[in-house]
**Student:** 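This is the structure, below, for whatever I ask next.
Just so you know, these numbers use all the heavy atoms, side chains as well, and skip hydrogens, waters and symmetry mates. What you are looking at is a predicted structure, and each value in this text was computed from that prediction instead of being measured. Throughout, residue positions are numbered sequentially from 1 according to the sequence presented. Numbering of ligands and ligand atoms starts at 1, following listing order.
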Amino acid sequence: MTEDKNKKTEKTLKINGVRGMNDLLPADAAQWAHLEHVLRDLTRAYGYEFLRTPIVEATAVFQRGIGEVTDIVEKEMYSFEDRLNGEQLTLRPEGTAAIVRSVIENNLIYEGPKRLWYTGPMFRHERPQRGRYRQFHQFGIEALGFAGPDIDAEIILMGQRLWDELGLKGVRLEINSLGQADERAVHRAALVTYFEKNAAQLDEDSQRRLLTNPLRILDSKNLAMQALIEGAPKLLDFLGEASLKHFDAVQALLKANNIPCKINPRLVRGLDYYNLTVFEWVTDELGAQGTIAGGGRYDPLIERMGGKAAPACGWAMGMERVLELMKVSGSLPEAAPGCDIFVLHQGGETLTAAMIIAERLRSAGIDTILFCPPDGQSASFKSQMKKADASGAAYAVIIGPDELAKDEAQIKDLRGTGEQQSVALDKVLDAVIDALVGSSE
Ligand code: ATP
Ligand code: MG
């Protein structure tokens with residue numbers, strides 16, 4: 001007996017979602033839809049095409065694309081072995097490497113450059129906190145096959161336009177140039193000498209990076225190392241003429257478009273594939289997670305992923321962080337209005353008539369909720385009316401046995417005068433349209 005009881009408890013035990021992976025609740029749906037709508041318009045305005053890649057890729061896509069010595073590949077990826085065929089797979093932690101994999105595989109830039117965009121969930125095993133989740137959503141763009149500073153500037157202008165469209169103020173642009181591999185090699189030697197001289201001040205992570213990827217030490221968020229990092233040799237001082245020319249041209253185009261930017265010599269980005277221009281959009285409103293978007297040029301990546309060498313650049317934005325910024329800065333849109341019509345009935349024949357009317361209204365583009373009794377039987381008109389009110393509907397259509405006997409329905413104004421009129425069943429659609437048009441004038 002007791003054993004049976006225990007079994008039942010086990011079976012009915014609550015199962016929670018995975019830590020750091022959030023449900024996006026209906027209350028926030030209108031805000032997400034608004035952001036997605038603005039992003040869709042933005043990409044259209046600049047001629048970007050949508051590309052949707054799978055959420056799971058071969059692990060090698062990210063190992064090769066992002067680089068082995070990065071936070072993401074070293075410790076943040078959700079990787080697993082396919083139980084059936086032993087393939088090494090990974091839930092995508094970012095979009096670019098997968099987009100490049102797809103572009104190569106599908107020959108997408110065979111006939112010339114392409115502007116692409118994507119959006120969707122990304123997965124990183126990080127410590128969950130405000131603005132940092134294990135499943136989060138990114139929007140990103142990639143401009144593939146363009147070499148000039150014009151496209152670097154264009155993708156940055158897109159960011160500024162986006163903040164303007166969303167009503168976000170105080171989002172600042174920080175920019176840097178990572179030059180080319182040979183320039184970084186000379187800088188790297190200087191950097192290693194500098195940090196070796198001050199090795200005692202390096203934290204454990206940075207001591208390891210000193211051997212593997214010293215540039216990334218500049219990216220450290222450890223407050224105790226900030227003064228040391230501030231005094232480190234600057235990559236900008238090691239750039240050759242061509243790199244500087246590219247960087248100057250990007251800045252001139254930004255200036256001509258009234259986009260202020262701050263050069264941040266410590267901005268190196270967390271991924272390995274960047275060269276020349278890198279940038280981030282930052283805000284002071286979100287605490288430690290103040291970077292809402294980042295990107296740059298990644299000319300070496302396509303070849304490194306096995307494609308024919310072609311230049312490219314792009315950026316990605318964290319949707320949760322942007323929505324949070326919209327929330328704290330009060331620029332969120334009003335919640336979406338409710339439905340237009342709420343249909344009430346008393347079950348049986350009246351339900352059949354109500355359902356047919358509801359379908360007719362929906363076919364005419366009128367958003368309609370049909371009352372469905374929670375107990376599957378019926379409910380008083382009084383309790384149905386409460387639901388109708390809460391639904392946000394402008395009008396209720398009421399079909400009770402008395403109305404049905406006369407082939408009629410009642411239409412009740414829920415927001416204005418509360419007026420109620422009888423209408424023949426086959427005239428309900430016309431009367432509802434008249435009422436809705438009338439009330440929107
Ligand atoms: P951070 O330094 O904050 O870890 P990152 O450099 O790892 O950011 P990117 O890989 O450049 O981030 O991703 C682009 C954007 O995606 C970030 O600017 C941020 O807005 C968002 N983002 C990254 N990681 C997360 C996360 N774990 N949760 C929510 N948003 C994230
Ligand atoms: Mg990160």
**Student:** Got a sec, which residues hit side chain to side chain donor-acceptor pair (under 3.5 Å) with Asn264, two or more places apart in sequence or on another chain?
**Tutor:** Glu174
**Student:** Between Ser243 and Gln180, is there a side-chain donor-acceptor contact under 3.5 Å, judged purely by atom types and distance?
**Tutor:** no
**Student:** Nearest heavy atom to atom 20 (O) of ligand 1: which of Thr291, Asp71, Leu325, Leu286 does it belong to?
**Tutor:** Thr291
**Student:** Quick test of your reading of the structure: of Glu324, Arg321, Gln135, whose heavy atom lies closest to atom 19 (C) of ligand 1?
**Tutor:** Arg321
**Student:** Contact between Lys221 and ligand 1, counting heavy atoms under 4.0 Å?
**Tutor:** yes
**Student:** Determine, considering heavy atoms only, which of Gln138, Arg124, Glu320, Arg132 sits nearest to atom 12 (O) of ligand 1.
**Tutor:** Arg124
**Student:** Any ring pair (Phe, Tyr, Trp, His ring centres under 6.0 Å) involving residues 98-127? Give me the pairs, sequence neighbours left out, ordered by first then second residue.
**Tutor:** Phe50-Trp117, Tyr78-His125, Trp117-Phe139
**Student:** Among Ala293, Gly131, Gly318, which residue places a heavy atom closest to atom 29 (C) of ligand 1?
**Tutor:** Gly131
**Student:** How are the rings of Tyr274 and Tyr298 set relative to one another: parallel (under 30°), tilted (30 to 60°) or perpendicular (over 60°)?
**Tutor:** perpendicular
**Student:** Among Phe136, Phe139, Trp281, which residue places a heavy atom closest to atom 25 (C) of ligand 1?
**Tutor:** Phe136
**Student:** Step through the shown structure and confirm whether more than 12 heavy atoms of other residues, nucleotides or ligands are within 6.0 Å of NZ on Lys387.
**Tutor:** no
**Student:** Ignoring hydrogens and geometry beyond distance, is a side-chain donor-acceptor pair present between Thr119 and Glu36 at under 3.5 Å?
**Tutor:** no
**Student:** If you count the atoms of ligand 1 from 1 in the order shown, which ones are under 4.0 Å from a heavy atom of Ile292?
**Tutor:** 18 (O), 20 (O)
